[in-house]
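Notes follow once the structure below has been shown.
Just so you know, ligand 1 is whichever comes first in the structure, and atom 1 is the first atom listed for that ligand. Just so it is clear, the values below take in all heavy atoms, side chains as well, and ignore hydrogens, waters and symmetry mates. In this chain, residues are counted from 1 in sequence order.
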Amino acid sequence: MCGIVGYIGPKDTLPILIEGLKRLEYRGYDSAGIALSSNGKILVRKKAGKVADLVADLKESNELPQAHLGMGHTRWATHGEPNDINAHPHVDCKGEIAVIHNGIIENYLAIKTRLKQRGHIFKSETDTEILAHLIEEIYKTKKDLFGAVRLALREVRGTYGLVVLSSREPDKFIAARMGSPLILGLGEGESFVAADAAAIIAHTRQVVYLNDGEVAEVTAHGFETKTIYDVSIDKAIEEITFDLSQIERGGYEHFMMKEIHEQPETIRNAMRGRLLVEEGNVRLGGLEHVRDKLLDARRFIIIGCGTSWHAGLVGEYMLEHIAKVPTEVEYASEFRYRSPVITNNDVVFLISQSGETADTLAALREAKAKGATVLGIVNVVGSSIPRETQGGVYVHAGPEIGVASTKAFTSQLTTLALITLMIAREKGMKKEEAVVLTRELDAIPGKVSQIFKNVEPIRALAREFRDSKNFLFLGRGANFPVALEGALKLKEISYIHAEGYPAAEMKHGPIALIDEKMPVVFVVPKDSIYEKVISNIQEVRARKGRIIAIANEDDHEINSMADYVIRVPRTYGFFGPILNVIPLQLLAYYMAVERGCNVDQPRNLAKSVTVE
Ligand code: F6R
C-alpha cells in the first residue's frame, strides 16, 4: 500500500527519493509524487500512474534544483480517484507546509468543514490534505513544526504514517506514526524515513522503528522522539539484517518467480536451528516463555487474512490431528466485529507476512484486550504484529516483494508444522513416532527442488487454458485450503474467475458450472482420503469437465481419470500442502504471463494492506 521515503543530508535528494519510490513500487500504488525543500521554498511534483511517469514528467520540466531535504510518496487511492491532484504530497494554503501520508483520517470531513469556515482552500478530495491545513492553522500561533504536528495529531482520529516539511524550518522533517509503519534510517550526517526498509537499505542499516502515537523531529545529524502528548521517548537503534540482493530480482523476470524458486531455501530457513531431526523434536525460542499457556490452552484460534488465512486453515488440520488441540481459524476482519467470546485460556496466533495488516493488527488488540495469549507467526522482522504480541515465531522467508504471496505461505505452513510437532511432543508424542515426522519435514526442501525440474507440463497447461473464463480448484482435508490458495493466486494475478472448494461440497452447488469448457484442478495426493477425491473426480468426468490433477509421482491410477497430470513428490499427508501448492503457484504465474498481466503489480492490489 502507499509508500513513503524521505531524506535530509548533504547528497542530492531527488535521485534518492526516486530510487526509494521504485523500491516501494511492489507495495501497490496508482500515483506518485515528491516534494523538495530548497531556497526557502517547497517544490511539489506529482503524477497519476507509475513512478516512471513522474520521472518522465520531471525530466520534461527540467526545472528542479538540487535539494538536501525532500520526501516522496506512492499513493494507493482510498479517498478520491487516482489523479494528479489527489496524489501526495499535499500542501497548505501558502504552499509552505507539505505532507505525505499513509493511512486514513476518519474524522477528516468534520475537520475539513471547520477549516473551510476559517478560510482554508482545499484542492483535492483526499483526507490527507486536511493535515497540511490543520498544521498550518496551528503553526500560525505555535511557530514550531514539531510542536504543531503533535498538536494537530491530537485532533485527528484514524491511522497515519506521516512526514511533514515546512519551508520555514528547512533543517528538519517531522515523522509520525499511528497504525501505519514508519522507520527512520540513520546514516553519517544524513537521515532517512521510509514506510519500509526496502526504500533505504541501499543507504543505511541503522534504523529506528516508530511506535503508534510517536512523533520524531529528524535532522541530518539525529532525531528526537516524543509522543503526541509531549512525553519524551528514548528509542533504540536497531540493525537491519537482510541485504539489497534479497530484494532484487536476481535474474528472474518477476519477483514472484524469483520468490517461488527461493522456496527450497526459505523453507529450510524456517526450520534452521529449530528442527531437531534425530531427536524428533522442535525448539522454538519465541514460544518457550509461553510453554504452559500453550499446553494448558482451552483452544487455539488462528487469525489472518488472504493467503495467511489459508495457511491458518492448514494449521488447523495439523494442530487438531497431530497435536490434538481444538483449533479455530478466523478471518481477522470478521473476528474483530463479531464480539468473540475469548478467555485467558485461549491462545491466539496471528499469521501475517507483512506484520502490518490492519485487520490482523486490530484482531490482535481485540484478543489481547480480552485476556488471550497473543502470539505472532510473522515474516517481516520488527513489524507491528510481533511488537505487540507476547511471543511468536518469525517464518524467515526474507523480503517478499511480489504482491502474490508465495514463499511466505510455504514458510508459514512449515512454521505451523514446527509448532504442531513441538506441542505434540510436549503432550506425549513418542520420540519414534516424531522422528518419522521430523525426517519428513527435513526432506521437504529437496522435494520442492524436484518439482522445479519439470515445470514444462505446467507451462503447457497455461498455454492451453489461457483463454478460460473460469477455473475450479478442489481438494479435501488439509488440501482444501490448498485449493483455496490455488484459486486466489490465479484470480489475483491473471484476473480469471476462480473458486476453491472442498471437493465434496461441489455437488452441493458448483457442479452446476461443470461443462466441457470448465477446467477443474484437483489436488489429489495419495493420502487417507485419496479414494474419496477420486469419486469427486468421477463426478466431474461424468459431466465432461476438463480434469487437471496434482498427484503424487507414484500414482498410476490417476492417468486414466485425469486429462492432465502434474506430479509432486509424496510426503506425510499433513505436510503435503507445502508441496502441492507449488504447481498451483507456477500455474497462476504462467497463466498471468501468457495473458500479458503485470505479475508483480496486479491491478487494485497492495502488498501490505494497512487500511481496514
Ligand atoms: C495473496 C496475498 C494476500 C495476503 C493478505 C494478508 O497473495 O498476498 O491475500 O495474504 O493481504 O497479508 P499479510 O500476510 O501481510 O497479513
Answer yes if the side chains of [X] and [Y] hold a donor-acceptor pair under 3.5 Å, and no otherwise.
{"X": "Glu464", "Y": "Tyr564", "result": "yes"}
{"X": "Asp600", "Y": "His254", "result": "no"}
{"X": "Gln585", "Y": "Gln263", "result": "yes"}

Residues which pass side chain to side chain contact (heavy atoms under 4.5 Å, CB included) with Pro502, listed by chain and number, not counting sequence neighbours
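Expected list: Phe480, Glu505.
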
Short N or O separations between ligand 1 and the protein, below 3.5 Å:
unit_1: ligand 1; atom_1: 7 (O); unit_2: Thr307; atom_2: OG1; d: 3.4
unit_1: ligand 1; atom_1: 7 (O); unit_2: Ser405; atom_2: N; d: 2.9
unit_1: ligand 1; atom_1: 7 (O); unit_2: Lys489; atom_2: NZ; d: 3.0
unit_1: ligand 1; atom_1: 7 (O); unit_2: Glu492; atom_2: OE1; d: 3.2
unit_1: ligand 1; atom_1: 7 (O); unit_2: Glu492; atom_2: OE2; d: 2.4
unit_1: ligand 1; atom_1: 8 (O); unit_2: Val403; atom_2: O; d: 3.4
unit_1: ligand 1; atom_1: 9 (O); unit_2: Thr307; atom_2: N; d: 3.3
unit_1: ligand 1; atom_1: 10 (O); unit_2: Thr307; atom_2: N; d: 3.1
unit_1: ligand 1; atom_1: 12 (O); unit_2: Thr357; atom_2: OG1; d: 3.4
unit_1: ligand 1; atom_1: 14 (O); unit_2: Ser308; atom_2: OG; d: 2.6
unit_1: ligand 1; atom_1: 14 (O); unit_2: Gln353; atom_2: N; d: 2.6
unit_1: ligand 1; atom_1: 15 (O); unit_2: Ser352; atom_2: OG; d: 3.4
unit_1: ligand 1; atom_1: 15 (O); unit_2: Gln353; atom_2: N; d: 3.4
unit_1: ligand 1; atom_1: 15 (O); unit_2: Ser354; atom_2: N; d: 2.8
unit_1: ligand 1; atom_1: 15 (O); unit_2: Ser354; atom_2: OG; d: 2.7
unit_1: ligand 1; atom_1: 15 (O); unit_2: Thr357; atom_2: OG1; d: 3.3
unit_1: ligand 1; atom_1: 16 (O); unit_2: Ser352; atom_2: OG; d: 2.6
unit_1: ligand 1; atom_1: 16 (O); unit_2: Thr357; atom_2: OG1; d: 2.4

- Return yes if some donor-acceptor pair links the side-chain N/O of Lys447 with the main-chain N/O of Pro569 below 3.5 Å, else return no.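 No, the answer is negative, given that no donor and acceptor are paired below the 3.5 Å cut-off.
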
Legend entry - Electrostatic pair Asp359-Arg336, nearest N-O below 4.0 angstrom: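 Arg336 and Asp359: not salt-bridged.
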
